[in-house]
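Below you'll find the structure, written out as C-alpha cells, and then a few comments.
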2 protein chains.
Amino acid sequence: MVSSSALAAVEPPPDGKAEATRARILDAAARALRARGYAGARLADIASEIGMKAGSLYYHFDSREALVEAVMARGLDYVHTTLERRLASLPADTPPPVRLEQAIETHLVGMLTQGDAASASIKLIWQVPPDVRARVLAGHRAYGALWKKLLRDARRAGAIRDDVDLSVVRMAILGALNWAVDWYRPERASPAAIARDISSMVLRGLEAE
Amino acid sequence: MVSSSALAAVEPPPDGKAEATRARILDAAARALRARGYAGARLADIASEIGMKAGSLYYHFDSREALVEAVMARGLDYVHTTLERRLASLPADTPPPVRLEQAIETHLVGMLTQGDAASASIKLIWQVPPDVRARVLAGHRAYGALWKKLLRDARRAGAIRDDVDLSVVRMAILGALNWAVDWYRPERASPAAIARDISSMVLRGLEAE
DNA sequence: GTCTATAAATTGATAGAC
DNA sequence: GTCTATCAATTTATAGAC
C-alpha cells in the first residue's frame, strides 16, 4: 500500500497551515496511541499536547476512528516506502544476503525513528475496530510480501538452508526488530549496532553448513 | 516474582466456588485485555463473557485496576514458573546451549498456550497506570534475570561469540518469541517446529567461527 | 481555523434486595 | 454470591460564536 497519497504523507508538501496542523495532530495522536493504546488515546489528550481543544480536531478529521486509521496507515507507509527506496538504491548485482542485511537495518532504524506511528500500526492492529483493522492489515500484507521476496531470493542464492520455514524466519526477524521500540535506549546501543548484532545472528544462523 | 501466591495462581487449589469464579474472571479478563487493550477491556464485556454482570465482579476484586494487575502478574508468573521448573528438571550437566534451546521452546509454548494473560503482561505494560506498571515491571526484570544468566552461561561455555551484545541478543530472542502469539496458527506450524527453527537460527547464529 | 457549550452515550463504582 | 438500580465522571461528536 504505497499509494501516491502515502508518499505525500511521508514527505508532506509545504501546503497551507491546515496541512501543517494536520501533521502535528497525527504526530500527537501517534504518541498517545503508543502510550495508552487504541481505547486509551483520548481526543482531549491528543489536542492538549499541541495546544488545541478536542473539538477543533474535527475540522481536520471526520472522526476519532479516521484519525487513528490515518496514523496507522502513515506509520506503516513510512517504513514500507523507506525500505523500497533503500532497496532500489542498491546496485543491481547486490547479493540477496546483503539486501536482507540492509532491510534489517532499514526496518529497525525506521521503527526507532518513526516509532510512534509505525509501532502503533503494528501493536494496535488487534485493538482497533474491524473495518479499520481490515484496511491497515492490507498494508501489512503488502509490506510482508516485500520481506517474503527478500527471503525467497536469499534462499535461491543459497544463503538460507532448506530446513527452516521462511514464514517463521520472517516473523521471527520482524518480531525481534519491532520489539526494539519498547526497549531501545539511545545511551545503551546505537540502532546501527543493534541492527548489526541481529542481522549477523540471523544471517549466520540461516547459512547452510 | 515467583511468590507462593503466584505458584498458587499457576495451579489453583480446589477451593470453594469463589476461587473457581475468580479464575474464570481472570481468564475472561485476559482475553478482553489482549483483544481490546487496557482501556478497551470493559468490565461489562468481561462479565458478560462468563454470564455475569459487571457489578458482580466487585465481590472478587477491589477495582478494575486490581483485576487487570492480577491478570498481568499471573500471566508472567505462569511463564516464569514453567521455565524455572523446566530448567530444574534438566540433568545438572546439561550444556548451556541446550539449556538455552530448552528455554526458547518453553517460553514459546508457554506464550502460545497461556498466551492471553502472558502477552497482556508484556504488550500492555506501557498502557497501564504507573503504579501497576511498576509492580508488573518488577516481575519482568526477575524473569529477564533468568535469561541473562542463561546467556552468560552459554557465552562462558564458548557457545556465544564475543562480538555480540548479550542484551540485544536477549531482547531479540524474546521479541521474536513474544510476537508469535499474534501470528501463530495451529494449522500452519506446531509450536515445537517454530521453536526448533528459531532456536536453531539463534544458536547457530551465535556460535563462534 | 479554533473555541465554548452542550447533547448523548458509556463506564467504573456503590448500595441494597434477594 | 449475584443482580438491579443508580450516581458521578468521562468522552465522542455537534452547533454556533468569533
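In what follows, chains carry the letters A, B, and so on, assigned in the order in which the sequence lines appear, proteins first and then strands, with residues in each chain numbered from 1.
With C/dT2, D/dT2, D/dG1 as the choices, the nucleotide that has an atom nearest any side-chain atom of B/His60 turns out to be D/dT2. Set against D/dG1, C/dT4, C/dG1, the side chain of B/Lys17 has D/dG1 as its closest nucleotide.
Rounded to a whole Å, the CG atom of B/Leu57 is 11 Å from the C1' atom of C/dA13. Per the geometry, CZ belonging to B/Arg22 stands 17 Å off C1' belonging to D/dT2, to the nearest Å. In this structure, B/Leu67 places its CG atom 14 Å from C1' of C/dA13, rounding to the nearest Å.
Between the side chains of A/His140 and A/Ser121, a donor-acceptor pair is found at a separation under 3.5 Å. No hydrogens or angles considered: nothing links the side chains of B/Thr82 and B/Arg85 as a donor-acceptor pair under 3.5 Å.
Here A/Ser56 does not reach the OP1 or OP2 of C/dT4: none of its side-chain N or O atoms lies under 4.0 Å away.
For B/Arg141, there are no salt bridge (Lys or Arg N to Asp or Glu O under 4.0 Å) partners two or more places apart in sequence or in a different chain. Under the side chain to side chain donor-acceptor pair (under 3.5 Å) criterion, B/Arg204 pairs with A/Glu209, not counting sequence neighbours. Residues satisfying the side chain to side chain donor-acceptor pair (under 3.5 Å) criterion with A/Asp197, sequence neighbours excluded, are absent altogether.
By the neighbour-count criterion of 12 heavy atoms within 6.0 Å, atom CG of A/Asp131 is densely surrounded, having more than that number from other residues, nucleotides or ligands.
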**Q.** Per-nucleotide protein contact string for nucleotides 11-18 of chain D (B base, S sugar-phosphate only, - none; heavy atom under 4.0 Å)
**A.** SSBB----
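Within residues 30-37 of chain A, no residue approaches DNA chain C, by heavy-atom distance under 4.0 Å.
Contacts classified as side-chain hydrogen bond (donor to acceptor under 3.5 Å, both in side chains) and involving residues 41-59 of chain A (residues at least two apart or in different chains) are given here: A/Arg31-A/Glu49.
Side-chain atoms of A/Arg170 do not come within 3.5 Å of backbone N or O of A/Leu151 as any donor-acceptor pair.
B/Gly51 comes within 4.0 angstrom of sugar-phosphate atoms only, judged by non-hydrogen atoms across all strands, and of no base.
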